[in-house]
Asker: 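Just dropping this structure here.
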Number of protein chains: 2
Amino acid sequence: MTRTSLSREEVLETAGALVRQHGPAALTMRKLAAELGTAVTSIYWHVGNRESLLDALVERTVRELGEIRPHGRTPAARIVSVATALRRELRERPHLIAMVHERGLTERMFLPAQQALVHEVHRAGLRGAAAARVVRAVQFQVVGHVLVERYRERAPAQHPGEDELWHTAPAEHDPALARALARPPDPERLFAASVRALVDGLLAQPR
Amino acid sequence: MTRTSLSREEVLETAGALVRQHGPAALTMRKLAAELGTAVTSIYWHVGNRESLLDALVERTVRELGEIRPHGRTPAARIVSVATALRRELRERPHLIAMVHERGLTERMFLPAQQALVHEVHRAGLRGAAAARVVRAVQFQVVGHVLVERYRERAPAQHPGEDELWHTAPAEHDPALARALARPPDPERLFAASVRALVDGLLAQPR
DNA sequence: ACCTGAACACCGTTCAAGT
DNA sequence: ACCTGAACACCGTTCAAGT
């Protein structure tokens, strides 16, 4: 059983599918070769080695990140809409962030959202270093939040029997607070509220 | 050359040192055995396997996390001081966060700071779900920020020749903004400003 | 230009055998 | 109770040999 000749494109395609489904750790050269129906060593001819294969994969995924169109009336609302859109883009590619960071492409990944943010922050009347600060703060906030969210999702059981631990200090006298903290957070709402607060706070700060 | 009999304690100690210096990926059972001067298989008798060795390491590090004492005058300042202290604790254990998350111990790691935060948020006059939201938002903010910071530090070159990419849109007419964004951010100051803005925004939100 | 299998140096883990 | 080496199934990568 022979197969049509292998191409770099096909290697990337198949590797990408494996990463999307099972994460980068599950991408072994041998499994990839099996999937492709070739000898392991053929892959090396096309993509060099595992590391540069992943590099190429990340490159391509980053390029895929769509342009971001803000919407909303107030400057704050428009900035929040950019954050929300960025979060969605990142969550659609669950393995991207970590891979991007490991390769030093964080700034590059930030770009589409950054341009939109710069525009909106400018519209909000901020200039220079103050404007840059807002842009950066929002970027860090979004990426950080998505990272924590993803970690929490992958995590098993979470909070092993820590209900008891809550019965301390002020939480005792505020059962609604204790209950709220015992429940797992709703990341979507938490994200919206946090970004909103961050942006409000930043725009209110002295310049 | 024989050695005094191995103990679980000694295995954890040595493994911990290796992880602190070179990260969890560098901890191989064989290197650890070499370090300890025993056969690889001896380790298995004491700690089961690599995974439970790492579990134990994380357990112990989480327990090490110190209590957090807020300071400052205003409620906002005190909450920010908790965030800052938590950030410091986490940065002192650079490999902890990822390992904690992978093991579903996020909530546990949050605990010391959480208790302090609950107390301060209560003092600020918040109750119930609104208080919980502030606590969670600050926790996510801190952990997320530290994660992004760490990724950036480990990253190589960062922003490969993207100065040009900046010469677009509004940045063109605001050279101070363009310059500020071209420079790598100062994470310490960015963190302080972000947390401050977040807390201000949260405390100002309608309840 | 492209593909191959053999071989090397590394992993984590199991197991029967030692004391 | 504790330690050992041999062995197994996996890695990524190199290389000489094929077409």
Asker: Should the pair A/R91-A/E153 be classified as a salt bridge under the 4.0 Å nitrogen-to-oxygen rule?
Answerer: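 Counted as a salt bridge, because a side-chain N and a carboxylate O are separated by less than 4.0 Å.
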Asker: Between C1' on C/dC10 and CZ on A/R30, what's the gap in Å once rounded to a whole number?
Answerer: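 Roughly 11 Å, once rounded to whole Å.
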Asker: For D/dC10, which nucleotide is its Watson-Crick or G-U wobble mate, given both distances must be under 3.5 Å?
Answerer: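 Its partner is none (no Watson-Crick or G-U wobble pair with both distances under 3.5 Å).
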Asker: Would you kindly give the CH2-to-C1' distance between B/W45 and C/dG18, to the nearest whole Å?
Answerer: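 Rounded to the whole Å, the gap is 15 Å.
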Asker: Looking at every non-hydrogen atom in both residues, tell me the closest pair between A/P187 and A/H145 and how far apart they are.
Answerer: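 Closest approach of A/P187 to A/H145, heavy atoms only: O-NE2, 3.7 Å.
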Asker: Indicate whether any N or O donor in one side chain lies under 3.5 Å from an N or O acceptor in the other, for B/S52 and B/N49.
Answerer: yes
Asker: Expressed in angstrom and rounded to an integer, what is the separation of B/Y44 atom OH from C/dT14 atom P?
Answerer: 7 Å
Asker: Tell me what A/T28 touches on the nucleic acid: a base, only sugar-phosphate, or nothing, going by heavy atoms under 4.0 Å.
Answerer: sugar-phosphate
Asker: Taking only side-chain nitrogens and oxygens of A/S42, does any of them come within less than 4.0 Å of OP1 or OP2 of C/dT4?
Answerer: yes
Asker: Considering only D/dT14, C/dC3, D/dC3, which nucleotide approaches the side chain of A/S5 most closely?
Answerer: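 Closest of the options to the side chain of A/S5: C/dC3.
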Asker: Whole Å only: how far is the CG atom of A/L36 from the C1' atom of C/dC3?
Answerer: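 Whole-Å distance recorded here is 13 Å.
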Asker: Select base, sugar-phosphate, or nothing to describe what B/L27 touches, counting heavy atoms under 4.0 Å on all strands.
Answerer: sugar-phosphate
Asker: Looking at every strand, decide which applies to B/I43 at a 4.0 Å heavy-atom threshold: base, sugar-phosphate, or nothing.
Answerer: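 Touches nothing.
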Asker: May I have the distance from B/R50 (atom CZ) to C/dT13 (atom C1'), rounded to whole angstrom?
Answerer: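 Checked: the CZ to C1' distance equals 13 Å.
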Asker: Nearest whole Å is fine: how far is C/dA9 P from B/K31 NZ?
Answerer: 16 Å
Asker: Taking 4.0 Å as the cut-off, does a side-chain nitrogen or oxygen of A/H46 come that near to OP1 or OP2 on C/dA1?
Answerer: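 It does not, given that no N or O in the side chain of A/H46 lies less than 4.0 Å from OP1 or OP2 of C/dA1.
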Asker: For the pair made of CG in B/L32 and C1' in D/dC3, what is the distance, rounded to whole Å?
Answerer: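 Spelled out: CG on B/L32 to C1' on D/dC3 is 15 Å.
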Asker: Could you check A/L198, A/L202, A/L86 and say which one makes a side chain to side chain contact (heavy atoms under 4.5 Å, CB included) with A/Q141?
Answerer: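 It is A/L198; the other options fail the test.
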Asker: If you round to the nearest 0.5 Å, how far is CZ of B/F140 from OG1 of B/T106?
Answerer: 8.5 Å
Asker: The side chain of B/A39 is closest to which nucleotide in this list: C/dT13, C/dG5, D/dT4?
Answerer: D/dT4
Asker: Go ahead and name the base partner of C/dT4; Watson-Crick or wobble counts if both distances stay under 3.5 Å, otherwise write none.
Answerer: D/dA16
Asker: Nearest whole Å is fine: how far is D/dC8 P from B/M29 CE?
Answerer: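 One finds 21 Å between P of D/dC8 and CE of B/M29, rounded.
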